[in-house]
Amino acid sequence: MNNLPIYKKLLLFFAFLGLITTVSAQDTTTWAEKSATKWVHSKEWKNGLKLKVHSSVNNVVFAEQYHKNKAVWDKAFAFLRDSDLLTLKPGKYVIDGDNAYATITEAPSKTFEQSAWESHQKYIDLQYVIKGKEKIGVAPITTATVIKPYDDARDAANYTAEGQYYIATPGTFFLFFPGDAHRPSIKVDGYDVVKKLVIKIKVAE
């Protein structure tokens with residue numbers, strides 16, 4: 001190597017630099033709506049999970065967060081896939097330390113007036129109705145008005161907002177990212193008690 005002419009050393013250096021740049025570019029995926037939607041529809045992230053992801057979910061943010069924190073997401077989806085959710089008792093279930101944990105509740109839903117718009121910064125919400133039905137509102141926080149500023153201890157801020165409302169039923173889960181205001185647990189007539197799972201997944205920077 002030391003006997004190589006200087007121009008060959010420079011060629012080798014720039015070739016190495018080009019290789020490093022190519023590898024770095026491959027490791028950093030920039031997700032557009034089209035590529036993210038294609039990835040979601042490919043279902044490769046499911047690993048055998050039968051549940052559907054709701055159409056309201058932001059595909060770009062989902063793809064970004066999953067690929068930044070794949071091991072944790074895979075554990076969360078494995079919990080969904082492998083657990084008998086109908087028989088699991090209400091309580092907290094550790095999935096991956098404080099990176100991901102689940103809470104199961106079985107309780108009456110709220111009236112519309114009792115429910116509230118909220119968002120989180122440290123954790124993503126995966127919300128799934130195991131048994132029953134509830135209504136959930138979704139709105140971008142950019143269109144919401146803060147009424148309670150973000151509280152780090154609660155990992156929550158509260159809002160007033162005009163959003164889209166959906167009926168949450170077994171078979172489909174919702175994902176709420178830091179940019180999503182959501183208003184969950186609203187009563188649907190005929191369903192007094194709802195069994196529900198919320199998985200908290202740490203936001204990847």
Side-chain angles (χ1 to χ4, degrees), residues 39-40 42-54 56-110 114-138 141 148 150-158 166 168-186 191 193-205:
W39 171 77
V40 172
S42 76
K43 303 177 183 178
E44 64 183 60
W45 49 273
K46 285 192 170 187
N47 293 318
L49 178 67
K50 302 297 184 185
L51 305 181
K52 297 177 183 177
V53 60
H54 194 265
S56 66
V57 168
N58 186 319
N59 291 332
V60 172
V61 181
F62 181 19
E64 289 173 349
Q65 284 293 316
Y66 177 90
H67 286 88
K68 285 180 179 180
N69 210 4
K70 183 179 183 299
V72 173
W73 281 88
D74 285 347
K75 288 178 183 177
F77 289 139
F79 180 87
L80 267 178
R81 182 192 66 217
D82 300 336
S83 301
D84 185 351
L85 300 177
L86 283 170
T87 61
L88 279 183
K89 295 181 179 180
K92 183 176 178 178
Y93 296 83
V94 176
I95 296 173
D96 184 19
D98 64 354
N99 293 313
Y101 61 90
T103 303
I104 290 179
T105 55
E106 192 163 10
S109 296
K110 301 173 182 178
Q114 289 172 329
S115 65
W117 289 98
E118 63 185 23
S119 75
H120 315 292
Q121 293 184 17
K122 292 189 286 190
Y123 285 94
I124 296 155
D125 266 13
L126 185 159
Q127 297 199 11
Y128 177 61
V129 169
I130 300 168
K131 186 170 61 177
K133 289 183 181 181
E134 74 173 34
K135 187 181 290 186
I136 296 179
V138 184
I141 61 169
K148 284 188 180 179
Y150 178 75
D151 181 343
D152 184 73
R154 295 191 305 123
D155 185 33
N158 294 109
Y166 304 96
T169 59
T172 302
F173 65 87
F174 288 74
L175 290 171
F176 302 119
F177 301 102
D180 301 319
H182 49 287
R183 188 174 188 168
S185 304
I186 303 168
Y191 296 89
V193 176
V194 173
K195 186 172 186 180
K196 184 174 179 180
L197 166 74
V198 176
I199 299 179
K200 294 284 190 177
I201 303 167
K202 187 169 282 187
V203 172
E205 300 299 332

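All figures in this text were calculated on a predicted structure; none of them were measured in a lab.
Separating the CG atom in L197 from the CZ atom in F79 is a distance of 6.0 Å, to the nearest 0.5 Å. The distance from the NZ atom of K202 to the CG atom of D96 is 9.5 Å, given to the nearest 0.5 Å. In this structure, OG on S83 lies 7.0 Å from CD1 on I104, to the nearest 0.5 angstrom. To the nearest 0.5 Å, atoms CG (L175) and CG (D180) are separated by 9.0 Å. One finds the CD atom of E106 at 11.0 Å from the CG atom of L88 (value rounded to the nearest 0.5 Å). Atoms NZ and NZ, on K70 and K75 in that order, are 11.5 Å from each other to the nearest 0.5 Å.
Summarising the geometry of S185 relative to E134, their closest heavy-atom pair is N-OE2, 3.0 Å, with the distance given to 0.1 Å. Closest non-hydrogen pair, P184 versus I136, comes out as CA-CG1, 4.0 Å. Taking all atoms of both residues into account, the shortest heavy-atom contact from K133 to V194 is O-CG2, 3.2 Å. Shown here for S56 and V138, the closest heavy-atom pair between the two residues is OG-CG2, 4.4 Å. Scanning both residues, A181 and I141, for their nearest heavy atoms gives N-CG2, 3.5 Å.
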Please evaluate residues L80 and L85 with respect to the criterion side-chain contact (heavy atoms from CB on, under 4.5 Å), reporting the C-alpha separation (whole Å), side-chain torsions for both, the decisive distance (0.1 Å), and the verdict.
CA-CA 8 Å; L80 267 178; L85 300 177; 4.0 Å; yes
Starting from the C-alpha separation in whole Å, work towards a yes-or-no answer on side-chain contact (heavy atoms from CB on, under 4.5 Å) for F176 and V57.
CA-CA 7 Å; F176 302 119; V57 168; over 6 Å; no
Determine, stepwise, if the pair K46 / F77 fulfils side-chain contact (heavy atoms from CB on, under 4.5 Å).
CA-CA 7 Å; K46 285 192 170 187; F77 289 139; over 6 Å; no
Step by step, work out the side-chain contact (heavy atoms from CB on, under 4.5 Å) result for I124 and V203.
CA-CA 6 Å; I124 296 155; V203 172; 3.8 Å; yes
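Side chain of K131 to backbone of L86: no donor-acceptor contact under 3.5 angstrom is found. In this structure, Q121 contributes its side chain and P178 its backbone to no donor-acceptor pair below 3.5 Å. Judged by distance alone, with hydrogens and angles left aside, the side-chain atoms of H54 form no donor-acceptor pair with the main-chain N or O of T172 at under 3.5 Å. Side-chain atoms of D74 do not come within 3.5 Å of backbone N or O of A71 as any donor-acceptor pair. A donor-acceptor contact shorter than 3.5 Å is absent between the side chain of H182 and the backbone of W117.
Among R183, K196, K200, the single residue meeting the salt bridge (charged side-chain N to carboxylate O under 4.0 Å, His left out) criterion with D125 is K200.
Taking the six-membered ring for Trp and thresholds of 30 and 60 degrees, F62 and W73 have ring planes inclined between 30 and 60 degrees apart. Taking the six-membered ring where the residue is Trp, Y123 and Y101 present perpendicular rings, their angle passing 60° and hence far from 30°. Between W39 and Y66, the ring-plane angle classifies as tilted under the 30° and 60° cut-offs.
Using a 4.5 Å heavy-atom threshold, the side chains of V198 and Y128 count as separate. In this structure, Y191 and S109 have side chains that are not in contact, with every pair of non-hydrogen atoms separated by 4.5 Å or more.
Within 6.0 Å of atom NZ in K122, more than 12 heavy atoms from other residues, nucleotides or ligands are found, so the atom counts as buried in its surroundings. No more than 12 heavy-atom neighbours from other residues, nucleotides or ligands sit within 6.0 angstrom of NZ on K148.
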